[in-house]
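A quick write-up on the structure given underneath.
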Amino acid sequence: MAHPIRHDWTRAEVAALFALPFNELLHRAHSAHREHHDPNAVQVSTLLSIKTGGCPEDCAYCPQAARYDTGVAAQKLMSVEAVVARAQAAKNAGASRFCMGAAWRSPKDRDVVKVAEIVRAVKGLGLETCATLGMLNGEQATTLKQAGLDYYNHNLDTAPEFYGEIIHTRQYQDRLDTLGHVREAGLKTCCGGIVGMGETRDQRAGLLQTLATLPEHPESVPINQLVQVEGTPLNGVQALDPFEFVRTIAVARILMPASMVRLSAGRQQMDDAVQALCFFAGANSIFYGEKLLTTGNPDVEHDRQLFARLDLHPLEVVEEAGTVHADILEAEAASCGNGCGCSAAA
């Protein structure tokens, strides 16, 4: 295999990939992509926030943090009936996976019991389930697994050495511990980060190296481009060069060739040509719908037209060992939008 699955990438190796001439990097990334995936298929999904706002964390990018004045009002956890109604509507629209998120730093046990009830009900509709609720302990992860949860999202956000510039209310190890609990419970992981927060290229390499050297590569790797929101500390930071974002997608594909690499938050700020380059570089998953959490997302019709122009098609549903590997969800969502590990972005 020309692009084997490795877990021993060094920072120097990752930095060297970033430094390749642009065309050479894209060639290597696309070759890895074709080796492991259909190059013209894209997984399509959307998030539903089941509990929005009021988060006690201080993530500098997140409009859901209670300490920032961003216009995002705190809401209570949705009822089982309300979530099931949205899940049924999503299924009727062609959904195979239903993703749920809540803006907690770490849910209380009683919260997990309530979410488990929601997961169980959604699972009863025949949908694959995904959740992002913040930090979990082992018992909580097991409770969600037993309720039928398939995937859990918890992002690393950035490189270990830059993390303290962005978040002070939890440690990097807390995120790694949650991922460990999730893996031990038998859940699949969705884990990525955010770029364009003022980090250096070497720090972007550090984020991807950390992801690529986890005991298991995340099945889904969302790469979020910072969505600047007025009222958050990162509003006004210098925007990331679009080609540097494409480089990040390409390096992620080379490092984790079998994972789904997801264009997550920030697609609204990308023109069609940049998105096309990202798909060529190995992105094969997007969020689909008119709203991505609390920030905008390209509308459904525009995405359909873009897929048609690029001869792309949604990844077909393939059942393997009881798991569905495609998700098409046209449900409105309302939450962070920046890949916040304490909220519903993924």
Side-chain angles (χ1 to χ4, degrees), residues 43-52 77-78 80 83-84 86-91 93-104 107 111-112 114-136 140-155 178-179 181-183 185-192 216 218-222 224 259-265 284-289 292-293 314-315 317-320 322-337 339-346:
Q43 184 189 57
V44 194
S45 63
T46 293
L47 292 170
L48 170 68
S49 177
I50 59 176
K51 190 274 177 189
T52 302
L77 181 68
M78 292 174 63
V80 175
V83 177
V84 168
R86 296 294 293 273
Q88 184 63 61
K91 182 178 181 180
S96 63
R97 184 189 300 173
F98 195 69
C99 306
M100 298 162 280
W104 286 312
D111 297 324
V112 173
K114 293 177 182 177
V115 173
E117 184 180 359
I118 292 172
V119 168
R120 195 172 291 110
V122 172
K123 191 73 172 178
L125 298 177
L127 287 163
E128 191 175 46
T129 53
C130 176
T132 176
L133 315 171
M135 294 182 290
L136 296 181
Q140 291 173 331
T142 298
T143 296
L144 293 170
K145 172 65 176 178
Q146 292 174 344
L149 189 68
D150 298 298
Y151 283 80
Y152 194 79
N153 165 254
H154 199 67
N155 290 330
T178 290
L179 291 172
H181 296 321
V182 167
R183 285 193 302 269
L187 292 163
K188 294 180 174 64
T189 57
C190 174
C191 183
E216 298 176 13
E219 282 83 359
S220 179
V221 181
N224 298 272
S259 300
M260 305 301 292
V261 175
R262 176 174 291 163
L263 286 183
S264 194
N284 60 342
S285 179
I286 64 167
F287 280 122
Y288 182 73
L292 173 58
L293 308 178
L315 189 67
V317 175
V318 178
E319 295 196 19
E320 178 181 325
T323 300
V324 182
H325 296 288
D327 44 345
I328 302 172
L329 178 56
E330 298 182 41
E332 177 187 3
S335 190
C336 173
C340 177
C342 65
S343 70

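Numbers here simply count residues along the sequence, with the first being 1.
Here the closest heavy-atom approach between residue Lys145 and residue Gly186 is recorded as NZ-O, 3.4 Å. Between Glu128 and Lys123, the shortest heavy-atom contact is CA-NZ, 4.4 Å. Of all the heavy atoms in Pro222 and Ser264, the pair that sits closest is CB-CB, 4.1 Å. Here the shortest heavy-atom pairing between Ile118 and Met78 reads CD1-O, 3.9 Å. Considering all non-hydrogen atoms of both residues, Pro107 and Val112 come closest at CG-CG2, 3.7 Å. When all heavy atoms of Cys190 and Arg262 are compared, the pair lying nearest together is SG-NH1, 4.1 Å.
For the atom pair CG (Leu149) and CG (Leu144), the distance works out to 5.5 Å, reported to the nearest 0.5 Å. With rounding to the nearest 0.5 angstrom, the NZ atom of Lys114 is 9.5 Å from the CD atom of Glu117. Atom SG of Cys191 is separated from atom CG of Asn153 by 7.5 Å, given to the nearest 0.5 angstrom.
Looking at residues two or more places apart in sequence or on another chain, you find a side-chain contact (heavy atoms from CB on, under 4.5 Å) between Thr178 and Met135, Leu136, Tyr152, His154, Val182. Listed by chain and number, the residues in a side-chain contact (heavy atoms from CB on, under 4.5 Å) with Val84 are Val80, Ala121, Leu125 (sequence neighbours excluded).
Considering only heavy atoms from C-beta on, Glu219 comes within 4.5 Å of Thr189 through its side chain. By the 4.5 Å heavy-atom criterion applied to side chains, Asp111 and Leu77 are not counted as neighbours.
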**Request:** Report the C-alpha separation of Val119 and Met100 in whole Å, then their side-chain angles, then the decisive distance to 0.1 Å, and conclude whether the side-chain contact (heavy atoms from CB on, under 4.5 Å) test is met.
**Result:** CA-CA 9 Å; Val119 168; Met100 298 162 280; 4.1 Å; yes
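The backbone N or O of Pro218 sits less than 3.5 Å from a side-chain atom of Ser259, completing a donor-acceptor pair. With hydrogens and angles ignored, the 3.5 Å screen pairs no side-chain donor or acceptor of Asn284 with any backbone N or O of Gln43. Put simply, the side chain of Thr129 gets close to the backbone of Asp150: a donor and an acceptor are under 3.5 Å apart.
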